[in-house]
Amino acid sequence: MPKAANYWLIKSEPDVFSFDDLLNSPGQCTLWDGVRNYQARNYMRDGMKCGDKVLFYHSNCQPPAVVGIAEVVREAYPDPSQFDPESKYFDAKASPEKPRWLAVDVKALSKLKRPVSLAALKQEPELAGLKLLQRGNRLSVMPLEHKDFVKIVAMAEQSP
DNA sequence: GCCAACGTTGGC
DNA sequence: GCCAACGTTGGC
């Protein structure tokens, strides 16, 4: 009996990499790199499994919102950008023998019919436990409860 | 652009 | 191991 899928929320600045960029990537798939926070890394390492569903959130934009659904298609492996001196994610303290940072591959499943804004999330009492809404949460990868995933997807289907 | 809330770094 | 300084995130 396979374990039920987990659910996650990942953040991206749309100016850097948007959900549309993911849709336009080969196979609607990309390597999710550049995570440089240990807690987020540990979620990727210990939690993210192939087939897990991921909400794609646009941060640092107007309005910040959940915009799409993706899926984990490759589990954690060393993030190649940490070894690349040309990359802004280069980490001199990492080596291929002792990698510090991990990446996963994610694939777009569908774009939400309409974005679910941060403001809308905050207004929904059922979502009070959402990690995204908790104080000072700046993690770029965070776990999501199944019920919250379902709720947010349902909100995208409703008329405004 | 401001600022709150963190996380990381490095001196001691 | 403490903690001040500094850097980053991200909403507003």
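A, B, ... follow the sequence lines: proteins, then strands. Residue 1 opens every chain.
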Mind calculating the distance between NE2 (A/H58) and P (C/dG10) to the nearest angstrom?
-> 13 Å

B/dA5 phosphate, OP1 or OP2: any side-chain N/O from A/R135 under 4.0 angstrom?
-> yes

Over how many whole Å does the gap from A/K131 atom NZ to B/dA5 atom P extend?
-> 18 Å

Would you tell me if any nitrogen or oxygen in the side chain of A/K88 comes within less than 4.0 Å of OP1 or OP2 on C/dT8?
-> no

Once you round it to whole Å, what is the distance between C1' of C/dT8 and CD of A/Q39?
-> 15 Å

Name the closest nucleotide to the A/R138 side chain, picking from C/dG10, C/dC12, B/dT9.
-> C/dG10

Roughly, in whole Å, what's the span from CG in A/N37 to P in C/dG7?
-> 18 Å

Test salt bridge (Lys or Arg N to Asp or Glu O under 4.0 Å), reference A/K151, set A/E124, A/E145, A/E157, output is A/E124

Separation of C/dT9 atom P from A/I10 atom CD1, nearest Å, is 16 Å

A/K93 or A/N60: which one's nearest nucleotide on DNA chain B is closer to the 5' end?
-> A/N60

May I ask you to say whether A/R100 pairs ionically with A/D79, meaning some side-chain N is under 4.0 Å from a carboxylate O?
-> no

For A/F56 and A/W8, run ring-ring contact (aromatic ring centres under 6.0 Å, His included): C-alpha distance rounded to whole Å, both residues' side-chain angles, the deciding distance at 0.1 Å, then the answer.
-> CA-CA 9 Å; A/F56 196 106; A/W8 308 92; over 10 Å; no

Atom-pair distance (CG on A/D15; P on C/dT9), nearest Å = 14 Å

Separation of C/dG11 P from A/Q123 CD (nearest whole Å) | 16 Å

Value in whole Å for how far the P atom of C/dT9 lies from CG of A/N137 = 14 Å

Parallel, tilted or perpendicular: which describes the rings of A/H146 and A/Y7, with under 30° parallel and over 60° perpendicular?
-> tilted

Report yes if a side-chain nitrogen or oxygen of A/Y57 is closer than 4.0 Å to either non-bridging phosphate oxygen (OP1 or OP2) of C/dG11; otherwise report no.
-> yes

Would A/Y38 and A/Y43 show up in the same hydrophobic cluster when neighbours are defined by side-chain heavy atoms closer than 4.5 Å?
-> no

Below 4.0 angstrom from OP1 or OP2 of C/dG10, is there any side-chain N or O of A/K11?
-> yes

